[in-house]
Q: 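If you scroll down you'll find the structure; I have some questions about it.
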Amino acid sequence: MDKKRATIVLGVIGSDCHSVGNKILELYFAKRGFHVVNLGVMVPQDEFIDAAIETGARAILVSSLYGHGEIDCAGFRERCVERGLEKVVLYVGGNLVVGKTEPEIIVDKFRKMGYDRVFLPGCNLGEAAELLRQDLGITEPLDPE
Amino acid sequence: MDKKRATIVLGVIGSDCHSVGNKILELYFAKRGFHVVNLGVMVPQDEFIDAAIETGARAILVSSLYGHGEIDCAGFRERCVERGLEKVVLYVGGNLVVGKTEPEIIVDKFRKMGYDRVFLPGCNLGEAAELLRQDLGITEPLDPE
Amino acid sequence: MVKANVKISRDEFFRVRGEVLATWPTGAAVASLDEGIRRQQALPAHKQFARAMSEARRKGQTLLQPRAGVALVEDHVRLLNYLATEGEADLLPTTIDAYTRQNRYDEAANGIKRSEEAGTSLLNGFPAVNHGLDACRRVVESVDKPVQVRHGTPDARLLAEITLSAGFSSYEGGGISYNIPYTKRVPLAKSIRDWQYVDRLVGLYGEAGVTINREPFGPLTGTLVPPCISHAVGIIEGLLALEQGVRSLTLGYGQTGNMMQDVAAMISLRELADDYFRRDGHEDFELTTVFHQWMGGFPEDESKAFAVISLGAAVAVLSRADKVIVKTPHEAMGIPTKEANARGLRATRQMVNMLTGQKMGDDSAALRREVDMIKAEVRCLLEKTRELGGGDWAVGAAAAFESGVLDVPFAPSIYNRGRLLPVRDDEGFVRIYQPGNAPFTPEILAYHAARLAERSRTEGRSLSFQMVTDDIYAISKGKLIGRPM
Amino acid sequence: MVKANVKISRDEFFRVRGEVLATWPTGAAVASLDEGIRRQQALPAHKQFARAMSEARRKGQTLLQPRAGVALVEDHVRLLNYLATEGEADLLPTTIDAYTRQNRYDEAANGIKRSEEAGTSLLNGFPAVNHGLDACRRVVESVDKPVQVRHGTPDARLLAEITLSAGFSSYEGGGISYNIPYTKRVPLAKSIRDWQYVDRLVGLYGEAGVTINREPFGPLTGTLVPPCISHAVGIIEGLLALEQGVRSLTLGYGQTGNMMQDVAAMISLRELADDYFRRDGHEDFELTTVFHQWMGGFPEDESKAFAVISLGAAVAVLSRADKVIVKTPHEAMGIPTKEANARGLRATRQMVNMLTGQKMGDDSAALRREVDMIKAEVRCLLEKTRELGGGDWAVGAAAAFESGVLDVPFAPSIYNRGRLLPVRDDEGFVRIYQPGNAPFTPEILAYHAARLAERSRTEGRSLSFQMVTDDIYAISKGKLIGRPM
Ligand code: B12
Ligand code: B12
């Protein structure tokens, strides 16, 4: 089980204070067997990257709830590459844009920004964890819910 | 004032039992100075025409609420002409078709059937009475509300 | 005095049955009652209406049921399934079109034909008689929930024969509630008699071990009906049904919009009905209740309609209704699309789920006073009705309407006096403004008058028909009480 | 111990003011306080917020207010006017974007630029500081209702200077309620101090005869906050504001979803606040209340959202709130379009109109018990806070959060202990599951534990963080209580 205890960094980007989903995500991914470094809310891009480098995390899970996701999340992939995290898995989720928007448009926008997967508020965390397992090439099954 | 006390025939057409609006229309038009012959609910086309002929009414106000208006109201204008009421003013109002429908479509449909004016549920009765006064060529103002 | 509230004999029933089935060609297919019974017996438990109602009551749940019916069979099946899945409905309806309700099967046939041509329903319901047994079976078999026939038919005998034989397991209506608000010239004695037939038919199914649920139509004209009047009618119809062998009874009530009055009405309905049924010697019945979301004119604006729907949903739960009949955001405009219908259901579902188990004011003395007041009012009406019938509820009911002892506001029937007038008081309770001939005690009338005087004072105007009209329009114009601007 | 809850001297205020206005170029335009006062004095009566609140209270009305703000001035003006006309709003907001809330005016500037390019708002609110005085005046002058600044800003001094000078007549927030739920690293002593400045500014307007309304932010994190916690915070912020000369105070509370708890909360809030304010020697204040429709996660389905909105509207009226803050059917998804915002308002309007004047359970003993329970809980929290501060509420508040005497569930601030955990009981009341360091009496904790044990029993599972999580999701998943399937 320790083999799959991959480290992931979690946080809410920008000036965003929405802490409830973040606390739930931390608990959830920990329960499923990941080693979660949770930076909490109001996390600048570089703080995510610092933490990932420091802890050797293989994935960064970015949340944005408050609507400024489009601005705050832009350039994150490039910055990761710049700072040497070429291979880090980048997920993003939440209420990513201002205003109710078609899911496809949102997903497309953030995929183009370089996020590997894009999650909307109602997403199933079980599925997200399973995808993360696959994307990280973990072969053992996750811990039970 | 007696001059403008024009007789009008009122009723709810077909198998329609909605009696509330009908009672209100009777009281309203009577109050404004018309002489109202109210046939109540569930009135066949010929009963409207019989009443109009009998009372010398110059207008027939048809209601249809229950959705079968399109079927029940068809051919009424022709039937009036057939029975010698070439000049009778024909109004129709209510929830005239099955299902929520664009007002223009409904008005158009019933105008084409030969109704002089078409009223939707939220219509202003004051305006309807005023139009009726004009259509009947009554020159005095109506009684106050 | 003729004894009318007596169980129809088997012989007489089957004699009349022959005539009934002959009134339209589709009657022939249901000639065998046994086949109908077998089909009912074969219904899986989760599709039995009476059972669903009884479980809801036991578990303290409020089940959701929409109204819905279109002209063509396949469209209707699609509609019902959509309401079950997208609408999360617990119980399904089949609302019958208005021609069928008047036994105008030829006009219904024309409506079917024109609907086929138009590719859309031109009928306001499902013409079950014209479609006949097989189509009705198809409806029941294509859905996975209990299905009820909802209509407004004074002579609903053939409709009952066909739909019950097909496996519909609940049947709405009654000899008074499907006459007075729904027709103009059908004598009460006739519709009561025809409904005794329907109840006897249900009783025959019952004798074979099949419990069909029966539901008198509570809201009547849906327009400012004081609770005591609809309660009196519902209880009489319950008594008539029990006499013919009905066992699963759901009594209904239409929301007035004052929360306390509505909760009080539901409490008093249950207590009174139980009391009257037992007093008449009935023991073997299961009584459940249904709350109808606001039955009067709706606001055209859909957001406002959602608030009306939501209030009805809330009060349904707070009043412990076993079932709630759900309106839709299209109500003011026309028969709802299936999407609009499902939207009303989903709003109701959310409210019902949020409030289930909550108690608000159950221990209120003011509430109890209203319960007692409604009970006293109903007793006035029912005791006089009993007296007029010499103890026979069927005879009494007809006599009560004739004399105006029972009088439904704004009803179209010429057999209804139409002299009783309701109006809202200063808190929105529907009160008696003019009693007509209704035999309320002076104390009751004084209570109503006193409450109405408060409103008069607030508004600085005296009671009048204008105030009644204002109240009729009020909810559709965004208020509960029709106050001057 | 430093005395912190003391009125800021004129000298000190104006010294600090110089610094505040210098933090962004648009500060210069409001240098003259007198000009701001003159603009406020020139506001017509119907655009004065404090007056509207006070009238609502006198007439027993519940006023409707949306949240709304977009990046660009003309769009914002159009939005507000739409909400006034199509939305029938009584009071207008100007919701500030999240960069401005963190004083990141350069990022707000970027947001404005990008919004101009995109032709649509990429900010989640109106960046009032960047737009500056003239644009804010344009907002106030272009609408015909009172306008309030709504935000979430720990250091809201410059924002207050600019918006009040422009004629906004109400200002939301407080040193605790706009810190703990809204930020991560701002020390409480700092945000409290900065909000004393804002209150002193309002007090200075007051000295010139201009009553600006102040509204502490009641709901905090909006997520299962037990009423006693938000009441304690609201009352402390009220006391701090009164000390600086604020006179028109609106205390707020966010719906939990249990009707009785919500009504009890509103009653206890009024009674407690009045009591605490007077006990500290304040006499010359006007206290009103605001009820926030459900502040936690919403259902994505718009019909279900309408039910949540409608329940909030209903409880606002039943609890005699003077104002209700309205959610929208887009809540779960994103900043609402103006149409969706107006839809939430119209549903609320219908419900408010229908229920105004109704009383449901006002005389309930169970309700009174909950009122008394909340009061006892709040007294535990406030008396300990007073003690910790040696009688000084500002010092006490900071100490109370440090020690966990005050502890807001799920808050992001590192200055909040985060050890107190709430969970719903079997009827949906939000109860204390783990008190952390909150100083409740053993009797109170036993009451909560007993109620929670009922739920454990019903669900056949013990209390756990899983249950808390289930409750957090519940309303968005269509229930009030997060029960296992
Ligand atoms: C109360 C009501 C009932 C009561 C009626 C009691 C009674 N005897 O009156 C009951 C419950 C019995 C009932 C039964 C049915 N109803 Co109904 N009912 C309503 C409801 C809720 C209110 C009607 C009402 O009284 N409004 C108040 C009065 C004052 O307004 P009004 O009737 O619209 O009349 C005013 C205007 O329309 C206008 N007007 C009308 N005619 C005319 C004519 C002229 C010339 C002018 C100028 C103006 C004018 O002025 C009137 C006065 O202001 C409406 C929906 C709604 N409006 O919210 C549905 C509604 C009318 N019913 C409807 C239906 C379908 C039925 C049923 C067939 C059952 C069913 N399938 O659901 C049966 C009818 C059976 C039959 N044989 O007719 C549908 C009609 C659908 C459509 N057109 O697409 C509606 C719209 C509901 C819906 N959305 O499905 N109903
Ligand atoms: C509670 C709440 C608040 C509270 C937050 C308290 C706190 N500190 O947490 C308060 C009242 C303080 C608040 C403030 C604001 N809020 Co707010 N808030 C909400 C609300 C109602 C619920 C959020 C919540 O807690 N949900 C419950 C949790 C469990 O769900 P969640 O946050 O969505 O997280 C889950 C999923 O998104 C997903 N997820 C999230 N990230 C990721 C990442 C990955 C990789 C994966 C797999 C999954 C995932 O998993 C999480 C757990 O299940 C939402 C609307 C809603 N959802 O109903 C608005 C909402 C998020 N807020 C919003 C806004 C705009 C604000 C404000 C700017 C004020 C304003 N203008 O109205 C301020 C923010 C200030 C700031 N600096 O951030 C908007 C965002 C709009 C947009 N995106 O277009 C929303 C959507 C409301 C709306 N429709 O306008 N808010």
Side-chain angles (χ1 to χ4, degrees), chain A residues 10-32 38-45 47 63-75 93-106 109 119-126 144-145, chain D residues 70-71 97-104 107-108 110-111 114-115 118 120-125 152 154 179-185 221-224 296-302 328-337 340 409-414 416 418 465-466 468-469 472-473 476-477:
Chain A
L10 185 69
V12 186
I13 201 166
S15 295
D16 192 335
C17 74
H18 290 89
S19 45
V20 180
N22 172 264
K23 288 182 204 283
I24 290 183
L25 288 174
E26 170 177 357
L27 280 156
Y28 186 80
F29 282 97
K31 192 174 200 180
R32 300 307 300 277
N38 185 9
L39 306 174
V41 304
M42 300 189 154
V43 182
Q45 292 191 358
E47 193 180 327
S63 294
S64 178
L65 284 309
Y66 72 156
H68 292 180
E70 234 175 300
I71 299 180
D72 296 339
C73 294
N95 299 82
L96 293 170
V97 299
V98 167
K100 185 166 182 170
T101 310
E102 287 301 313
E104 304 75 49
I105 296 178
I106 302 175
K109 194 170 258 172
F119 298 89
L120 303 181
C123 68
N124 182 315
L125 297 187
E145 288 219 23
Chain D
V70 287
D97 73 289
Y99 294 135
T100 302
R101 294 169 184 218
Q102 304 299 323
N103 312 106
R104 300 190 164 180
E107 291 182 54
N110 177 39
R114 295 197 42 181
S115 300
T120 169
S121 180
L122 292 178
L123 290 178
N124 55 18
N179 175 342
I180 299 298
Y182 279 101
T183 63
K184 189 169 173 179
R185 295 183 211 283
T221 53
T223 306
L224 303 180
F298 253 65
E300 290 188 17
D301 180 80
E302 296 194 16
T328 84
H330 282 187
E331 178 62 15
M333 304 309 291
I335 302 271
T337 57
F410 317 112
S413 170
I414 58 169
N416 184 71
F465 193 81
Q466 185 57 49
V468 180
T469 307
I472 290 175
Y473 284 125
S476 69
K477 291 191 174 166

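Every value quoted in this text rests on a predicted model; they were computed, and no experiment measured them. Worth knowing before you read on, the calculation uses all heavy atoms, side chains too, and leaves out hydrogens, waters and symmetry mates. Order of the sequence lines sets the chain letters (A, B, ...), proteins ahead of strands, with each chain counted from 1.
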Q: Can you list the steps and then say if D/T469 with A/Y28 is a side chain to side chain contact (heavy atoms under 4.5 Å, CB included)?
A: CA-CA 10 Å; D/T469 307; A/Y28 186 80; over 6 Å; no
Q: Under 4.5 Å from any heavy atom of chain A, what part of D/P409 do you find: side chain, backbone, both or neither?
A: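 No part of D/P409 comes within 4.5 Å of chain A.
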Q: Using a cut-off of under 4.5 Å for heavy-atom pairs, which of A/G67, A/G40, A/G99 has the most such pairs with chain D?
A: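 Top option by heavy-atom pairs under 4.5 Å: A/G99.
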Q: Below 4.5 Å from any heavy atom of chain D, which atoms of A/K100 appear? Answer side chain, backbone, both or neither.
A: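 Both backbone and side chain.
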Q: Which atoms of A/I71 come close to chain D, meaning under 4.5 Å heavy atom to heavy atom: side chain ones, backbone ones, both, or neither?
A: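 Its backbone and side chain both get close to chain D.
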Q: Looking only at side-chain N and O atoms, does A/Y66 offer a donor or acceptor that is under 3.5 Å from a partner on D/D97?
A: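 Absent: no donor and acceptor within the cut-off.
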Q: Name the option with the most non-hydrogen atom pairs under 4.5 Å to chain A; the candidates are D/N124, D/N110, D/I335.
A: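 Ranked by heavy-atom pairs under 4.5 Å with chain A, first place is D/N124.
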Q: As a test of understanding, state which of D/L123, D/T120, D/L122 forms a side-chain contact (heavy atoms from CB on, under 4.5 Å) with D/R114.
A: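 So the option named by the test is D/L122.
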Q: At what distance, to the nearest 0.5 angstrom, does CG of A/N95 lie from NE2 of A/H18?
A: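 That separation rounds to 7.5 Å.
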Q: Could you pull out the closest heavy-atom pair between A/L96 and A/F119, with the gap in Å?
A: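 Where A/L96 meets A/F119 most closely, the heavy atoms are CD1-O, 4.1 Å.
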Q: Can you see which heavy atom on D/K184 is nearest to which on A/M42, and at what distance?
A: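 Where D/K184 meets A/M42 most closely, the heavy atoms are N-SD, 3.9 Å.
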Q: For A/L27, is it the side chain, the backbone, both, or neither that has a heavy atom closer than 4.5 Å to a heavy atom of chain D?
A: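 Looking at A/L27, just its side chain touches chain D.
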Q: Show the nearest heavy-atom pair for residues A/S15 and D/A98, with the distance to one decimal.
A: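 The answer is CB-O, 3.9 Å.
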Q: Could you look at D/T223 and say if it's the side chain, the backbone, both or neither that has a heavy atom under 4.5 Å from chain A?
A: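 Just its side chain gets close to chain A.
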Q: Which of the residues D/P336, D/A332, D/G222, D/G125 is involved in the greatest number of heavy-atom pairs with chain A at under 4.5 angstrom?
A: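 Sorted descending by pairs with chain A, the first entry is D/A332.
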Q: Side chain from CB out, backbone as N, CA, C, O: work out which of these in D/A340 comes under 4.5 Å of a heavy atom of chain A, or both, or neither.
A: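 Answer is neither: D/A340 stays 4.5 Å or more from chain A.
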Q: Under 4.5 Å from any heavy atom of chain A, what part of D/R185 do you find: side chain, backbone, both or neither?
A: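 The side chain, not the backbone.
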